[in-house]
Student: 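I'd like to ask some things about the structure below.
To find a chain, count down the sequence lines: A is the first, B the second, and so on, and within it residues start at 1. Just so it is clear, the model here is predicted, and its values are computed rather than measured.
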Amino acid sequence: MSKSVYALIDCNNFYASCERVFDPQLRGKPIAILSNNDGCIIARSDEAKRAGVEMGAPEFKIRDLIKEKDIVLKSSNYALYGDMSRRVMETLRHLTPKVEPYSIDEAFIEFPKLIAKDLDRFGKEIKTTVKQWTGLPVSVGIAPSKTLAKIANETAKSNPQHKGVLNLVDNSQLDNLLKETKLTDIWGIGAGLSQRLFKEGIQNAFQLKQQVSRKEWVRNKLSVKGLRTVMELNGEPCLDIEHVGDARKGIMTSRSFGKAVTDKKDLSEAIAQFISIAAEKLRAQHSVASLLHITLRTNKYSNYKSKYKYGIEFPLQMPTANTSHLIKCGHACLDKLYQRDLRYKKAAVMLTGILPESEVQQDLFSKNNYTASEHNLMQKVDDINTKYGSGTTHFASTGIEKSWQMKQEHLSAKYTTQWDELAEIQVD
DNA sequence: TCTGGGGTCCTAGGACCC
DNA sequence: TCTGGGGTCCTAGGACCC
């Protein structure tokens with residue numbers, strides 16, 4: 001019997017709920033959140049789901065539905081969602097020490113095993129505390145492994161009888177629930193693996209759980225990751241709570257453009273801007289990068305079957321986190337990649353070969369060393385931007401007009417991170 | 001005309017070494 | 001002309017996640 005218990009806390013309809021906290025008029029209304037560039041639907045309130053708004057639907061294809069059902073559209077407001085996420089994670093840390101933020105709207109926690117009655121009570125306490133402290137509704141799934149906690153959470157959320165909290169530890173209904181769980185609803189089993197398993201006659205989570213009797217077969221079919229999933233379905237935890245603060249191994253910044261871009265100057269501004277963002281993330285985790293990748297894309301929908309992705313790698317002689325140096329390298333890549341006759345829709349910057357800044361060996365003869373004075377300069381830029389708002393200080397090469405910028409026509413205020421955009425309360 | 005933006009891990013296969 | 005076996009490291013690509 002394992003000594004630890006895992007719980008997954010997941011915010012319900014996170015982006016839509018964040019919008020509602022600061023605009024109470026949105027309560028009870030169907031809300032849909034758009035991706036960057038207002039391109040497609042990435043989040044929906046329950047009312048919007050019921051109205052038939054599909055996840056991932058391109059906005060231009062469902063305009064009639066939006067009008068007919070009076071759906072409120074919002075552009076993604078990551079400054080707001082990111083800050084609300086931070087508040088949720090802090091609330092959880094008040095309740096229990098081992099917290100792993102898993103995504104912007106989810107966290108795993110691990111705690112010692114309690115008797116079943118106390119587990120139920122703890123689950124409810126988490127739910128009410130997060131609601132009180134942040135205004136956000138969450139669901140809580142408790143189980144002996146992370147994979148089962150995911151299933152518990154999903155069931156708690158979709159099945160009103162559980163009132164948002166479900167504990168699967170020592171729960172006699174577990175196998176019945178697994179029999180009703182489709183393969184694609186298991187964490188780690190996507191469409192590809194699910195199809196392969198289906199052909200083998202395995203059609204639900206319970207049947208997959210039973211494959212524990214032939215581990216070698218599972219390993220061959222699904223690799224070690226699949227084997228871990230099977231063990232976890234059996235209540236044998238194989239996935240630990242991960243330590244926060246581990247440095248990222250790759251940092252990517254990419255955006256689609258508001259409209260097709262043909263001008264090289266626009267592209268070089270966009271690349272400078274994306275490099276600035278990526279390098280700031282790099283410095284925030286006290287790292288340097290040794291490889292820069294630049295990718296340009298044309299419209300993959302209209303260029304069906306023909307090439308639409310053009311990429312190049314730039315090995316940095318010396319690992320660096322200096323925005324200015326990275327921009328120069330990025331522009332050298334652009335010189336090689338750019339073709340006059342193409343209409344570009346998207347650019348991406350990726351930094352890899354990431355090392356801790358303390359581990360960098362200085363090259364006595366190179367002009368490209370990431371020196372202490374460069375580091376200090378970048379530090380000052382980051383400090384100013386943290387204090388006075390992102391982009392307060394920026395490199396001129398990122399451009400002024402930014403004709404390539406994202407479309408965000410339905411953006412709400414940065415209620416929690418910008419002094420001049422705080423929510424206003426009207427007192428009658 | 002209009003279709004997001006990030007990440008992680010694993011495996012296979014090639015290059016290279018002894 | 002024939003031509004072993006084992007190891008490491010790196011990269012590309014696949015699969016999955018939100």
Student: When you measure from the centre of the six-membered ring of A/Y6, is the NZ or CZ of A/K146 under 6.0 Å away and within 45° of the axis?
Tutor: no
Student: Charged N to carboxylate O below 4.0 Å: is that the case for A/E47 and A/R20?
Tutor: yes
Student: Rounding to an integer number of Å, can you tell me how far A/R297 CZ sits from B/dT3 C1'?
Tutor: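 Distance check: A/R297 CZ to B/dT3 C1' gives 13 Å.
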Student: Does A/I189 reach a base, just sugar-phosphate, or nothing at all? Heavy atoms under 4.0 Å.
Tutor: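 The answer is sugar-phosphate, as A/I189 gets under 4.0 Å only of primed atoms, P, OP1 or OP2.
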Student: Within this structure, what is the CG-to-C1' distance between A/L291 and C/dC9, rounded to whole angstrom?
Tutor: 16 Å
Student: Salt-bridge test for A/K414 and A/D83: reply yes if a basic N is under 4.0 Å from a carboxylate O, no otherwise.
Tutor: no
Student: Mind checking if A/G56 touches a base, just sugar-phosphate, or nothing, with heavy atoms under 4.0 Å?
Tutor: nothing
Student: Please work out if A/S76 contacts a base, only the sugar-phosphate, or nothing of the nucleic acid, heavy-atom cut-off 4.0 Å.
Tutor: nothing
Student: Check every atom of B/dT11, B/dG6, B/dG4 against the side chain of A/V224 and return the nucleotide holding the closest atom.
Tutor: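 Among B/dT11, B/dG6, B/dG4, the one nearest the side chain of A/V224 is B/dT11.
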Student: Identify which nucleotide among B/dG6, C/dA12, C/dC18 has an atom closest to any side-chain atom of A/Y102, counting heavy atoms from C-beta outward.
Tutor: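 Out of B/dG6, C/dA12, C/dC18, the nucleotide with an atom closest to A/Y102's side chain is C/dC18.
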Student: Under 4.0 Å between a side-chain N or O of A/K150 and OP1 or OP2 of C/dC18?
Tutor: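 Yes.
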Student: For a quick test of reading the model: is some side-chain N or O of A/S256 closer than 4.0 Å to OP1 or OP2 of B/dT3?
Tutor: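 Answer is no, no contact under 4.0 Å.
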Student: Within the structure shown, what part of the strands sits under 4.0 Å from A/E106 by heavy-atom distance: base, sugar-phosphate, or nothing?
Tutor: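 If one applies the 4.0 Å heavy-atom cut-off, A/E106 turns out to touch the sugar-phosphate alone, with no base involved.
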Student: Take A/G250 and A/G258, find for each the nucleotide of DNA chain B with the closest heavy atom, and name the residue whose nucleotide sits nearer the 5' end.
Tutor: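 With A/G250 and A/G258 compared, the 5'-side residue is A/G258.
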Student: Counting heavy atoms from C-beta on, name the nucleotide in B/dT3, B/dG5, C/dA12 closest to the side chain of A/K346.
Tutor: B/dG5
Student: Do NZ/NE/NH1/NH2 and the carboxylate oxygens of A/E154 and A/K150 come within less than 4.0 Å?
Tutor: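 Looking at A/E154 and A/K150, the cut-off is not met.
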Student: Do A/Y310 and A/Y338 have their ring centres less than 6.0 Å from each other?
Tutor: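 Between A/Y310 and A/Y338, the centre distance exceeds or equals 6.0 Å.
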Student: Nearest to the A/T253 side chain among B/dG6, C/dA15, C/dC18, which nucleotide is it?
Tutor: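 The answer is B/dG6, which lies nearest to the side chain.
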Student: Checking contacts here: which listed nucleotide (B/dG5, B/dG6, B/dC9) is nearest the side-chain heavy atoms of A/R228?
Tutor: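 The closest nucleotide is B/dC9.
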Student: Quick one: which of C/dA15, B/dT3, B/dG6 gets closest to the side chain of A/K281?
Tutor: B/dG6
Student: Under 4.0 angstrom, heavy atoms only, what part of the nucleic acid is A/K407 near: base, sugar-phosphate, or nothing?
Tutor: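 It contacts nothing in the nucleic acid.
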Student: Less than 4.0 Å between a side-chain N and a carboxylate O, is that true for A/E200 and A/R196?
Tutor: no
Student: For a quick check of understanding: with a heavy-atom distance under 4.0 Å over all strands, which category does A/I33 fall into, base, sugar-phosphate or nothing?
Tutor: nothing
Student: Using the closest heavy atom to pick a nucleotide of DNA chain B for each, name whichever of A/K225 or A/N37 lands nearer the 5' end.
Tutor: A/N37
Student: May I ask which nucleotide in the shown strands pairs with B/dT11, Watson-Crick or G-U wobble, both distances under 3.5 Å?
Tutor: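 Pairing partner: C/dA12.
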Student: For A/K259, answer base if it contacts any base atom (sugar-phosphate contacts may also be present), sugar-phosphate if it contacts only those atoms, and nothing otherwise; contact means non-hydrogen atoms under 4.0 Å.
Tutor: nothing
Student: Separation of A/L351 atom CG from B/dG7 atom C1', in whole Å?
Tutor: 14 Å
Student: Mind checking if A/L193 touches a base, just sugar-phosphate, or nothing, with heavy atoms under 4.0 Å?
Tutor: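 Sugar-phosphate: the residue A/L193, judged by heavy atoms under 4.0 Å, touches backbone atoms but no base.
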Student: Measure CE/A/M55 against C1'/B/dG5 and give the value in whole Å, please.
Tutor: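 In whole Å, B/dG5 C1' and A/M55 CE are 12 Å from each other.
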Student: Report the distance from atom CZ of A/R219 to atom P of B/dT11, rounded to the nearest whole Å.
Tutor: 6 Å
Student: From C-beta outward on A/C40, which listed nucleotide comes closest to its side chain: B/dG5, C/dC17, B/dT3?
Tutor: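 Per side-chain heavy atoms of A/C40, the pick is B/dT3.
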Student: Applying a 4.0 Å non-hydrogen cut-off, can you work out what A/D38 is touching in the nucleic acid: base, sugar-phosphate, or nothing?
Tutor: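 Contact class for A/D38: none.
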Student: Please state whether the phosphate of C/dA15, meaning OP1 or OP2, lies under 4.0 angstrom from any side-chain nitrogen or oxygen of A/S223.
Tutor: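 Checking A/S223 against C/dA15: no side-chain N or O falls below 4.0 Å of OP1 or OP2.
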Student: Let me know the distance between OH of A/Y78 and C1' of B/dG5, rounded to the nearest Å.
Tutor: 7 Å
Student: Please state the C1' separation for the pair B/dG4 and C/dC17 - nearest whole angstrom.
Tutor: 15 Å
Student: Base, sugar-phosphate, or nothing: which does A/N36 touch, judged by heavy atoms less than 4.0 Å apart?
Tutor: sugar-phosphate
Student: Taking the side chain of A/K345 as its heavy atoms from C-beta onward, which of B/dT8, B/dG5, B/dT3 lies nearest to it?
Tutor: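 Of all the options, the side chain of A/K345 is nearest to B/dT3.
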Student: Run the salt-bridge test on A/E232 and A/R228 with the 4.0 Å N-O cut-off and return the result as yes or no.
Tutor: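 No, no charged N to carboxylate O under 4.0 Å.
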